[in-house]
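In this chain, numbering begins with 1 at the start of the sequence shown.
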Amino acid sequence: MLRDLTAAVQAHPALSIVVLGIAAFVAWAGRVRHRASRELKLPFLRFEDGDDSRQRYVTDSGTLFKIGYEKYLRHGQAFKMRNYIDELPPQVYLPLKYLDEVKSAPQAKLSFPYFSLLLFSQDHTGMAKQTDEAAHVIRTDLIRNQPFLYPGLEAERAAVIDEKLPRTPGEWQRRGHVKTVQNSSAYTSVEWQSVNPYPILAYIIARLAAKTTGSAELSRNDEWLGIMIGVTQTSMVAAHALRASWPWWTRWVARYVFPPVKKVLADRARAAEILRPILEERVAALHADDEKSERPNDGIQWLVEYYHARGKGARLTPELLAQNQLFYAMAAIHSSTAILLSVLYDLIDERHAHIKAELIDEIDQVHKEFGSWSRQAVSKLVKLDSFMKESQRIHYVGHARVTRAAKVPYTFKDGLHLPQGTMIQFLHSGPLQDPDYFPDPETFDPWRFLRKRQEGDPNKFQFASLSDTETTFGAGFHACPARNYASDVMKLVLVYLLTKYEIKYDSDSRRRPPETAHDSATMPNLATQILYRERRAS
Ligand code: HEM
């Protein structure tokens with residue numbers, strides 16, 4: 001790149017002014033970033049056993065988080081540590097005493113979307129950004145309409161799970177499963193099928209999410225589902241690849257020539273194309289204002305009506321609709337899938353066999369009482385709820401929550417100062433393992449949260465409840481507005497898996513495999529195979 005530039009300057013001397021200008025800008029920006037990092041007056045936590053390499057932060061940050069919690073956060077002291085993305089400022093972890101101030105800080109100062117923008121280089125990768133409208137629609141329309149969505153979700157859940165995990169010999173053959181069927185005479189399966197669960201669960205969740213926040217036709221469009229499931233991965237691959245090989249001041253060109261970024265943009269454009277006819281039809285129906293025809297009750301419609309109500313200035317284009325849909329997919333699919341898989345791993349762990357039996361009893365009783373899975377019926381699954389919460393307390397997905405970045409220099413009431421661009425977060429995993437908050441934290445106690453509900457407030461301590469010490473769904477104004485919906489969707493899937501299937505690990509070990517880690521992210525093991533077959537009456 002440098003040789004080409006030198007030749008160009010020799011051929012066109014006027015170019016040297018441009019080159020000098022860029023160089024001065026780069027040097028200035030570098031100094032500003034360096035200064036911002038120095039201004040952060042906090043203890044610097046690092047590995048002190050001789051290996052403080054970047055790779056160590058990718059694979060072993062969990063060790064450092066434990067030390068940071070015990071040494072600093074537990075005593076009300078913030079700390080900073082290296083960001084494995086070297087070009088970003090150090091990560092700052094705050095103790096709980098700052099949580100209330102962060103919850104109430106305006107978006108213009110401590111921002112959730114700005115954090116994502118910095119972390120994923122969104123300006124250069126084309127990754128869909130969050131819009132206020134997208135969050136608003138979930139906060140209002142999804143919550144208002146949630147009780148009416150259950151019959152559709154219940155039916156779709158059965159259809160998609162039957163399709164992805166066929167239970168009978170005839171179905172295996174029809175869907176191209178390769179295993180020999182040993183007992184094909186009866187309509188009961190006897191042979192176990194081996195599958196890798198993550199992609200299957202991701203597809204199930206994506207289809208249910210598409211039905212709710214998209215539309216019925218989108219939930220049956222495999223090309224659409226492929227884009228929605230893939231968007232998080234393609235965006236992250238683009239961000240990593242861009243940072244690895246492109247100096248930041250050249251990145252604006254990447255969208256024209258760099259394949260990983262072009263892939264993100266191509267998927268985005270294709271999503272807009274798929275949406276165009278659906279959007280046109282919905283807008284036409286709205287303008288026709290036909291009182292008799294029933295309006296769909298889904299995310300596309302909520303967005304169309306939201307923009308329509310805002311009037312002329314706010315036109316919902318296919319591109320904008322695609323952006324909002326891609327944001328929903330990133331918010332919904334992998335977060336739900338990872339938690340669902342993690343809970344499933346605990347359910348099929350041999351140490352929890354007796355608990356699983358109790359959960360199936362609870363499901364059977366509630367189903368007998370209600371006959372179908374309405375919102376009210378799902379809320380009666382209090383044991384399942386407690387089990388899921390305990391599972392996440394021990395096998396949490398991700399160490400960090402309530403992630404915000406300072407859009408402007410920000411000073412807390414006690415004087416702690418954050419330079420502009422500082423990325424702050426709270427250590428979700430810290431309090432979860434702290435005996436002051438959760439006695440005997442090492443023990444998997446499935447009814448821990450159920451007892452808390454029975455002894456204290458029945459509306460607190462639910463899987464989807466918010467609390468300062470358990471931040472699965474974040475905190476404050478930006479806490480996940482879809483948390484009750486997401487929790488119920490996971491329960492609907494688990495209910496079906498528990499009552500229609502027998503599931504176990506496809507390995508000698510019958511216990512959950514270790515988590516995988518990347519920086520502050522933790523995931524249930526993605527390589528594990530499980531065995532399933534139709535549940536037989538006991
Ligand atoms: C188990 C699944 C899910 C988990 C663990 C989860 C978790 C989160 C978290 C941690 C936040 C940030 C909160 C904060 O920093 O304070 C968030 C925000 C958000 N989530 Fe979820 N989420 C899940 C499912 C969903 C689903 C299904 C949707 C539906 C589209 C959704 C929509 C949103 C939106 C719109 C925001 C942004 C809210 C705002 O900025 O005001 N989430 N979620």
Side-chain angles (χ1 to χ4, degrees), residues 138-139 141-162 201 204-213 219 297-299 332-333 335-344 346-347 355-393 446-454 457-467 470 472-473 479-501 503 535:
I138 298 296
R139 204 172 285 124
D141 294 288
L142 175 67
I143 291 176
R144 194 168 40 229
N145 287 299
Q146 200 176 323
F148 309 110
L149 303 174
Y150 285 61
L153 280 174
E154 194 182 350
E156 187 75 4
R157 164 209 66 163
V160 63
I161 300 179
D162 286 350
L201 294 178
I204 293 168
I205 289 290
R207 210 155 111 176
L208 296 172
K211 190 168 169 63
T212 303
T213 54
S219 75
N297 190 13
D298 57 32
I333 297 175
S335 50
S336 304
T337 307
I339 292 182
L340 185 58
L341 181 61
S342 187
V343 173
L344 184 68
D346 272 330
L347 280 168
I355 305 169
K356 191 172 80 177
E358 268 193 66
L359 293 174
I360 294 175
D361 273 355
E362 177 185 73
I363 293 167
D364 288 344
Q365 279 171 27
V366 174
H367 197 247
K368 235 180 245 157
E369 186 185 343
F370 287 86
S372 68
W373 291 107
S374 61
R375 174 120 212 254
Q376 203 197 352
V378 177
S379 74
K380 298 281 178 191
L381 297 172
V382 290
K383 285 187 177 173
L384 181 60
D385 189 273
S386 180
F387 183 95
M388 288 166 67
K389 202 167 175 78
E390 180 69 348
S391 169
Q392 270 303 287
R393 187 186 68 73
W447 317 136
R448 183 189 295 271
F449 293 100
L450 179 58
R451 281 197 308 277
K452 281 176 177 266
R453 280 172 77 169
Q454 288 164 342
D457 185 339
N459 295 317
K460 277 188 181 170
F461 314 112
Q462 298 181 22
F463 185 76
S465 306
L466 298 179
S467 94
E470 200 284 304
T472 298
F473 290 101
C480 181
R483 56 190 180 275
N484 286 302
Y485 163 82
S487 158
D488 281 4
V489 165
M490 287 187 280
K491 286 176 192 165
L492 284 174
V493 174
L494 288 171
V495 161
Y496 204 76
L497 294 178
L498 283 171
T499 53
K500 304 279 181 201
Y501 296 86
I503 304 175
R535 186 169 167 233

Rounded distance [0.5 Å steps], OG in Ser342 versus CG in Leu201: 11.5 Å
Is any side-chain heavy atom of Thr213 closer than 4.5 Å to a side-chain heavy atom of Leu142? no
For residues Ile205 and Ala332, report the shortest heavy-atom separation together with the two atoms involved. CG2-O, 4.3 Å
Phe463: which residues meet the ring-ring contact (aromatic ring centres under 6.0 Å, His included) condition with it, sequence neighbours left out? Phe473
Return yes if some donor-acceptor pair links the side-chain N/O of Lys389 with the main-chain N/O of Gln462 below 3.5 Å, else return no. yes
Please give me the minimum heavy-atom distance between Ala210 and Ser219, naming the atom from each residue. CB-CA, 3.7 Å
Measuring from Ser379:OG to Trp373:CH2, what's the distance to the nearest 0.5 Å? 10.0 Å
Between Arg139 and Ile143 the two heavy atoms that sit nearest each other are O-CD1, 3.3 Å
How long is the straight-line distance from OG of Ser336 back to CD1 of Ile204, given to the nearest 0.5 Å? 12.5 Å
Please tell me if the side chains of Asp385 and Arg453 come closer than 4.5 Å, counting only heavy atoms from C-beta onward. yes
With side chains defined as the heavy atoms from C-beta onward, is the minimum distance between Phe387 and Leu347 less than 4.5 Å? yes
Distance col, row Leu208:CG vs Lys211:NZ, nearest 0.5 angstrom, shows 9.0 Å
Identify, with sequence neighbours excluded, every residue that meets salt bridge (charged side-chain N to carboxylate O under 4.0 Å, His left out) alongside Lys380. none
Value rounded to 0.5 Å, distance of OG1 in Thr337 from CE in Met490: 9.5 Å
List in chain and number order the residues that pass salt bridge (charged side-chain N to carboxylate O under 4.0 Å, His left out) with Glu156, two or more places apart in sequence or in another chain; answer none if no residue qualifies. Arg207, Arg220
Within the structure provided, determine whether Lys491 and Asp488 are in side-chain contact (heavy-atom separation under 4.5 Å). yes
Kindly indicate, with the supporting measurements, whether the criterion side-chain contact (heavy atoms from CB on, under 4.5 Å) is fulfilled by Tyr485 and Ile138. CA-CA 10 Å; Tyr485 163 82; Ile138 298 296; over 6 Å; no
Applying side-chain contact (heavy atoms from CB on, under 4.5 Å), can you list everything that pairs with Asp364, at least two apart in sequence or on another chain? Ile360, Thr499
Check Ser465 against Phe461 and note the closest heavy-atom contact, atom names and distance. OG-N, 3.5 Å
So how far is it from Arg393 CZ to Ser386 OG, rounded to the nearest 0.5 Å? 10.5 Å
Let me know which of Val495, Leu497, Asp162 forms a side chain to side chain contact (heavy atoms under 4.5 Å, CB included) with Arg157. Val495
Would you check, one step at a time, whether the test side-chain contact (heavy atoms from CB on, under 4.5 Å) holds for Thr472 with Ile339? CA-CA 10 Å; Thr472 298; Ile339 292 182; 4.0 Å; yes
Would you check if Lys383 and Trp447 make a side-chain contact, meaning some heavy-atom pair closer than 4.5 Å? yes
Taking the side chain as every heavy atom from C-beta outward, state whether Gln146 and Arg375 have any atom pair closer than 4.5 Å. yes
Step by step, would you call Val382 with Glu362 a side-chain contact (heavy atoms from CB on, under 4.5 Å)? CA-CA 8 Å; Val382 290; Glu362 177 185 73; 3.5 Å; yes
State, to 0.1 Å, how close Val366 and Ala377 come at their nearest heavy-atom pair, and which atoms those are. CG1-O, 3.4 Å
Between Asp457 and Asn459 the two heavy atoms that sit nearest each other are OD1-N, 2.8 Å
Sequence-distant partners of Arg448, side-chain hydrogen bond (donor to acceptor under 3.5 Å, both in side chains), two or more places apart: Glu390
Got Leu381 and Leu494 here, is their nearest side-chain heavy-atom distance under 4.5 Å? no
Contacts of Lys356 meeting salt bridge (charged side-chain N to carboxylate O under 4.0 Å, His left out) (sequence neighbours excluded), chain-then-number -> none
